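In this text the structure is predicted, and so the values were computed from the model without any measurement.
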Amino acid sequence: MKNILFIWGLASIFLVSSLSADALKNSLNNILHQKESAGMVNLNGVGVGKKPKPAIQKTAHKSRPATAVIGRYNDGKPVYKKEANRYLKKVTKGKIKDLDLLPRKQRLMVLKDLQKMYAMKHFKGRPSTAIIATVNGQEIYKKEADKYLNIATKGTVKDFDRLDKKQRLVLVKDLARPILVAQEAEKEITSKEKEAIFSQMWLEKQRAQIPVSSEEMLALYEAKKAKALADNPAAKIPPYISLGKSLKNEIIEKKIMQTLTKDAKIVIVEDENLSTGITDSNKTLEKLDKIPNIKG
């Protein structure tokens, strides 16, 4: 009985092996003769005692309505999806019009951009009378910084409070320079030096404001030329063009002195011990008149 079972078992194995070989042969032949085959056998669905895997179904894209709130501005006001869609359409030139088509990281970037733009649009800086810094105790007001900033940026930025911390420090250092120079000058310059500096500054300011016509300059040149030739007919007279600057300065100084002495009260105190007849005033005036009037 055992021999019969053994022989039957061997026959069963050979039968199964023969059938398996024939099936594999047929499968390979089919692959070789199919032109559209990829040349690979998909074994994912093959398994002993396993149920076939269900096919993966793609879910349809769901987009939120335009009225959906996607975040908040710094003042708590809601940010609506329609604002993000409008922004996306603009920056992508119409290629993307729906915020929900973007991955989460890019959606957050869009939200941050909208929040920054909103903050800039609704920005409110400090009043112009606010003190923005002190330099050795001297105060710098915001209006000074705003004015400097407006000039430096050619009107692009007009509010100091719009700058970041680093930019504010750079601007304040620029404003601090003349203050520091003035403070050091106050320590080292004497009263006489200060008077000389202020006088020179005032004169320069007047020179820049007082008009001088070409007719006035030419008239002064002709007068000087006539006087020089009267004193010395062989004198060499420099050309008018070479004396332009000195003629202009002389006219300006004359006008300044006329303005200063117009309402000035000048009193000459006579020397009581001076003997009469020591000097001849007419001769003295004549000598003074002959002193050449040369201005730089």
Side-chain angles (χ1 to χ4, degrees), residues 27-28 30-47 50-133 140-175:
S27 177
L28 292 173
N30 290 334
I31 292 171
L32 291 172
H33 288 88
Q34 287 177 1
K35 294 181 178 180
E36 295 181 358
S37 173
M40 296 179 64
V41 180
N42 186 2
L43 301 177
N44 291 334
V46 178
K50 293 184 178 180
K51 294 181 180 180
K53 293 182 179 180
I56 299 174
Q57 296 181 353
K58 294 183 179 179
T59 56
H61 171 73
K62 291 183 179 180
S63 178
R64 291 171 291 176
T67 54
V69 177
I70 62 171
R72 298 278 174 181
Y73 291 119
N74 57 349
D75 59 0
K77 189 177 179 180
V79 185
Y80 295 102
K81 187 191 165 192
K82 59 184 177 182
E83 301 173 54
N85 289 348
R86 187 164 50 245
Y87 175 71
L88 267 176
K89 184 180 179 181
K90 181 179 179 181
V91 297
T92 64
K93 297 180 180 179
K95 293 180 181 179
I96 303 176
K97 302 177 184 179
D98 192 334
L99 178 73
D100 291 333
L101 292 176
L102 301 177
R104 185 175 182 275
K105 187 176 181 180
Q106 291 180 334
R107 293 200 302 268
L108 290 175
M109 291 173 64
V110 171
L111 176 61
K112 287 181 180 180
D113 283 351
L114 291 173
Q115 290 171 334
K116 286 180 181 179
M117 290 189 296
Y118 182 88
M120 291 297 289
K121 184 178 180 181
H122 297 82
F123 175 83
K124 188 176 181 181
R126 291 171 289 179
S128 60
T129 54
I131 297 171
I132 61 166
I140 298 178
Y141 293 93
K142 184 171 176 283
K143 59 184 177 182
E144 301 173 53
D146 289 346
K147 183 179 179 181
Y148 181 87
L149 186 61
N150 187 28
I151 296 172
T153 64
K154 297 180 180 180
T156 305
V157 184
K158 301 179 181 180
D159 196 316
F160 174 79
D161 288 339
R162 287 185 178 270
L163 303 179
D164 59 32
K165 189 175 181 180
K166 186 176 180 180
Q167 291 171 329
R168 291 182 186 186
L169 179 60
V170 172
L171 192 148
V172 169
K173 283 183 177 180
D174 284 348
L175 293 175

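Taking CG of Asn74 as the reference point, atom NE2 of His122 lies at 9.5 Å (rounded to 0.5 Å). Residue Lys143 holds its NZ atom at 7.5 Å from OG1 of Thr129, rounded to the nearest 0.5 Å. Separation of atoms CD1 (Ile140) and OH (Tyr148) is listed at 11.0 Å; rounding is to 0.5 Å. Residue Leu99 holds its CG atom at 6.5 Å from CZ of Arg107, rounded to the nearest 0.5 Å.
Counting only residues at least two apart or in different chains, salt bridge (charged side-chain N to carboxylate O under 4.0 Å, His left out) contacts with residues 84-94 are absent. Applying the ring-ring contact (aromatic ring centres under 6.0 Å, His included) rule to pairs touching residues 91-113 yields nothing, sequence neighbours excluded.
Legend: residues meeting side chain to side chain contact (heavy atoms under 4.5 Å, CB included) with Lys173, ordered by chain and number and at least two apart, are Leu169. Applying the side chain to side chain contact (heavy atoms under 4.5 Å, CB included) criterion to Thr156, with sequence neighbours excluded, gives Thr153. Arg126 pairs by the salt bridge (Lys or Arg N to Asp or Glu O under 4.0 Å) definition with Asp161, not counting sequence neighbours. Scored by the salt bridge (Lys or Arg N to Asp or Glu O under 4.0 Å) test, Arg64 finds Asp100 as partners (sequence neighbours excluded). Judged as a side-chain hydrogen bond (donor to acceptor under 3.5 Å, both in side chains), and not counting sequence neighbours, the contacts of Asp146 are Lys142. Residues satisfying the side-chain hydrogen bond (donor to acceptor under 3.5 Å, both in side chains) test with Glu144, not counting sequence neighbours, are none. Residues satisfying the side-chain hydrogen bond (donor to acceptor under 3.5 Å, both in side chains) criterion with Tyr80, sequence neighbours excluded, are absent altogether. Shown here are the side chain to side chain contact (heavy atoms under 4.5 Å, CB included) partners of Leu108, two or more places apart in sequence or in another chain: Arg104. Under the side chain to side chain contact (heavy atoms under 4.5 Å, CB included) criterion, Pro103 pairs with Gln106, sequence neighbours left out.
Among all heavy-atom pairs drawn from Lys81 and Pro65, the shortest one is CD-O, 3.5 Å. Contact between Gly125 and Asp159 at its shortest, heavy atoms only, is CA-OD2, 3.9 Å. In terms of heavy atoms, Asp98 sits closest to Ser63 at OD2-OG, 2.5 Å.
Counting heavy atoms from C-beta on, the side chains of Val170 and Leu163 never come closer than 4.5 Å. Counting heavy atoms from C-beta on, the side chains of Tyr141 and Ile132 never come closer than 4.5 Å.
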Let me check something: any side-chain donor-acceptor pairs from residues 109-121 under 3.5 Å, sequence neighbours excluded? List them with distances.
unit_1, atom_1, unit_2, atom_2, d
Asp113, OD2, Tyr87, OH, 2.9
Gln115, NE2, Arg72, O, 2.7
Tyr118, OH, Asp75, OD2, 2.6

